[in-house]
Colleague: 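The structure under discussion is supplied below as structure tokens; questions concerning it will follow.
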Amino acid sequence: MYYTRQGSLPLKPFTTHCAPNGERTHEEMVTSIGFNGPASLLYHLRNPTVVAKIELLSEMPLSELDNSFLWNHQVQTNDLAIDGTFSTARVPLFFNDDLIYSICSPSNLDESFHRNGMCDELLMVVRGSGRVGSAFGTLEYEPLDFIYIPRGCTVRLEEFVDDQLMIVMETTSPIGPPPRYVNLRGQLSYRGMYQERDIRLPHFDGPNDAVGAHTVNVKIGSHLTRHTLSSHPFDLVGWDGTLYPYALSMRSLAPMSGRLHALPDIYQVFESTGVSINAITPMRQPDHQESTSAQPDHTSDCDEIFHRLGRPNGNGFEPGLVTLHTRAAAHGASLALKDRPRREHTTGWGVLIDTIKPTRMARDASRGDIHNYQAAPS
């Protein structure tokens, strides 16, 4: 995102920097897209490369529901949640080479940390509130918040209240704003859905200097490993750069509208290679006297994941329904929506993902699969 600096820093990168106690800090560079993309420099009290022990915790291979790409699916997510931590309570619903789309209902806090070594992670909070910590600082979250976590970034759920439900999107390529939202000098354009002032940065409180065993659950593809460190990973005296966790509320988004329905990419918020991430929010409807009540049915050269967030309650939203519309069949609005009189505003919330590579339904999601959705074979 945009350049930020926090805490104590040397005058120049790659130079010696000392902590307040006079001891030399350990400079760490975190990057995205190799050394050609966003990067940040972190200044640790202790050497971040030292790992006391590494062990394999579990293997979580993705298994496809047989022939899932041949027809459209609708999944009721109510009964899919499993107990566990932020690392272990994930249930994959859909996947391809570029994306794993899961739901996560962490039911307990433990002292372990989480790091995805291969994928960026984008969370969307459906239900519950809390606080996620990282070496960069802490982020408070609530329903309808996106939380971006770059690959290689160590995080921990430090506090949560109420029942938790999150959508977790893991992408093999870095996540960022669509290029058309960024001007020639790197600023977010005012033609986009959001600007820099909508981005919530982590709150930096200085180093945690705790010494002793600290465990980090590291996800590498289908493998979950445990790294045991001899000190707290959030031991920074300062950091600066353009790569860090941040939050963005769907309530802050401002989708554009016109006299007629526009293409679905008016809802786009983020993108990754082969993946378009869109946020459906309330917006003005077209006002042309002959405009339709819904966008046209479409058959496209991409697959679509559409997660309807359902009805709000005191804690957020009900889990709702999520559909996988494959390129094998046309899809569009229901007949009831098409026949409904035009409204001035929409009221729905949702997350919509378009994928270039064919997307499969995970076998773990089959328990919620609704048979005969859009006349699918039983």
Side-chain angles (χ1 to χ4, degrees), residues 56-107 114 116-124 126-127 163-173 217-225 272 274-277 302-310 318-329 331 350-378:
L56 179 65
L57 281 183
S58 63
E59 294 191 46
M60 304 173 291
L62 289 168
S63 177
E64 177 193 351
L65 181 67
D66 293 342
N67 298 321
S68 65
F69 60 93
L70 295 180
W71 53 79
N72 296 332
H73 297 266
Q74 187 171 72
V75 178
Q76 176 56 261
T77 60
N78 289 6
D79 300 325
L80 297 182
I82 59 175
D83 292 333
T85 67
F86 181 60
S87 295
T88 62
R90 302 181 179 201
V91 180
L93 304 184
F94 312 109
F95 66 95
N96 65 12
D97 292 339
D98 299 322
L99 170 74
I100 302 173
Y101 188 94
S102 306
I103 59 170
C104 179
S105 298
S107 55
H114 170 84
N116 196 319
M118 291 188 66
C119 294
D120 280 12
E121 293 192 353
L122 184 67
L123 316 179
M124 212 298 295
V126 178
R127 200 169 59 233
D163 184 26
Q164 301 281 304
L165 179 64
M166 303 173 180
I167 297 167
V168 181
M169 292 159 273
E170 302 173 58
T171 63
T172 55
S173 296
N217 296 328
V218 181
K219 190 174 188 297
I220 301 290
S222 62
H223 297 84
L224 189 64
T225 62
S272 177
V275 182
S276 172
I277 301 171
C302 60
D303 294 341
E304 176 189 273
I305 301 167
F306 185 15
H307 200 138
R308 297 161 179 82
L309 294 185
E318 297 297 332
L321 298 169
V322 57
T323 53
L324 172 63
H325 293 141
T326 78
R327 66 199 73 193
H331 60 271
V351 176
L352 187 149
I353 313 294
D354 288 323
T355 61
I356 299 302
K357 292 182 179 178
T359 298
R360 311 305 198 215
M361 181 174 172
R363 189 173 296 278
D364 290 336
S366 62
R367 288 183 289 113
D369 198 12
I370 297 174
H371 296 290
N372 293 316
Y373 169 65
Q374 289 193 356
S378 59

Colleague: Does some side-chain heavy atom of Met169 sit less than 4.5 Å from a side-chain heavy atom of Val275?
Modeller: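 Side chain of Val275 against side chain of Met169, heavy atoms only: no contact under 4.5 Å found.
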Colleague: So do Ile167 and Val322 actually touch side chain to side chain, heavy atoms under 4.5 Å?
Modeller: no
Colleague: Indicate yes or no: at least one non-hydrogen side-chain atom of Ile82 is less than 4.5 angstrom from one of Val91.
Modeller: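 Contact flag for Ile82/Val91 side chains = yes.
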Colleague: So, the side chain of Ser58 versus the backbone of Leu224: is there a donor-acceptor pair under 3.5 Å, distance only?
Modeller: no
Colleague: When you compare the side chain of Leu309 with that of Met124, does any pair of heavy atoms fall below 4.5 Å?
Modeller: yes
Colleague: Using the test side chain to side chain donor-acceptor pair (under 3.5 Å), find all partners of Arg327 that sit at least two apart in sequence or belong to another chain.
Modeller: Asp303
Colleague: Working to the nearest 0.5 angstrom, can you tell me the gap between Thr323 OG1 and Gln74 CD?
Modeller: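 It comes to 6.5 Å.
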Colleague: With sequence neighbours excluded, what pairs up with Thr85 under the side-chain contact (heavy atoms from CB on, under 4.5 Å) test?
Modeller: Ser87, Thr88, Asn108, Asp110
Colleague: Nearest 0.5 angstrom please: Arg127 CZ to Asp163 CG, how far?
Modeller: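 Spacing of CZ (Arg127) from CG (Asp163) equals 4.0 Å.
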Colleague: Heavy atoms only: give me the nearest Ser173-Ser272 pair and the separation to one decimal.
Modeller: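 Distance-wise, the nearest heavy atoms are O-OG, 2.7 Å.
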Colleague: Would you indicate whether the side-chain heavy atoms of Glu121 and His114 approach each other to under 4.5 Å?
Modeller: yes
Colleague: Nearest 0.5 Å please: distance from the CZ atom of Arg363 over to the CG atom of Leu62.
Modeller: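 Separation between the atoms: 12.0 Å.
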Colleague: Test Thr172 against Cys119 for side-chain contact (heavy atoms from CB on, under 4.5 Å), laying out the working first.
Modeller: CA-CA 5 Å; Thr172 55; Cys119 294; 4.0 Å; yes
Colleague: Identify the heavy atoms of Phe306 and Gly350 that sit nearest to each other, and give their distance.
Modeller: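 Scanning both residues completely, I find the closest heavy atoms to be CE1-CA, 4.4 Å.
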Colleague: Work out which heavy atom in Gly368 is nearest to a heavy atom in Leu80; give both atom names and the distance.
Modeller: N-CD2, 3.8 Å
Colleague: If you compare all heavy atoms of Gly117 against all heavy atoms of Ile220, which two are closest, and at what distance to 0.1 Å?
Modeller: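 The answer is CA-CD1, 3.6 Å.
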Colleague: Report, one line per pair, each donor and acceptor closer than 3.5 Å where one atom sits in a side chain of residues 93-102; sequence neighbours left out.
Modeller:
| unit_1 | atom_1 | unit_2 | atom_2 | d |
| --- | --- | --- | --- | --- |
| Asn96 | OD1 | Asp98 | N | 2.8 |
| Asn96 | OD1 | Leu99 | N | 2.9 |
| Asn96 | ND2 | Lys357 | O | 3.0 |
| Asn96 | ND2 | Thr359 | OG1 | 3.3 |
| Tyr101 | OH | His307 | ND1 | 2.9 |

Colleague: What's the shortest heavy-atom distance between Ala365 and Val75, and which atoms?
Modeller: O-CG1, 3.9 Å
Colleague: Look up atom OG1 in Thr326 and atom CZ in Arg360, then write down how far apart they are to the nearest 0.5 Å.
Modeller: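 Reported value, rounded in 0.5 Å steps: 9.5 Å.
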Colleague: Do you know the tightest heavy-atom contact between Lys219 and Asn116?
Modeller: O-OD1, 3.5 Å
Colleague: Rounded to the nearest 0.5 Å, how far apart are CD of Gln76 and CG of Leu321?
Modeller: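 The CG atom of Leu321 is 5.0 Å from CD of Gln76, to the nearest 0.5 Å.
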Colleague: To the closest 0.5 Å, what do you measure between CG (Leu324) and CG (Asp369)?
Modeller: 9.5 Å
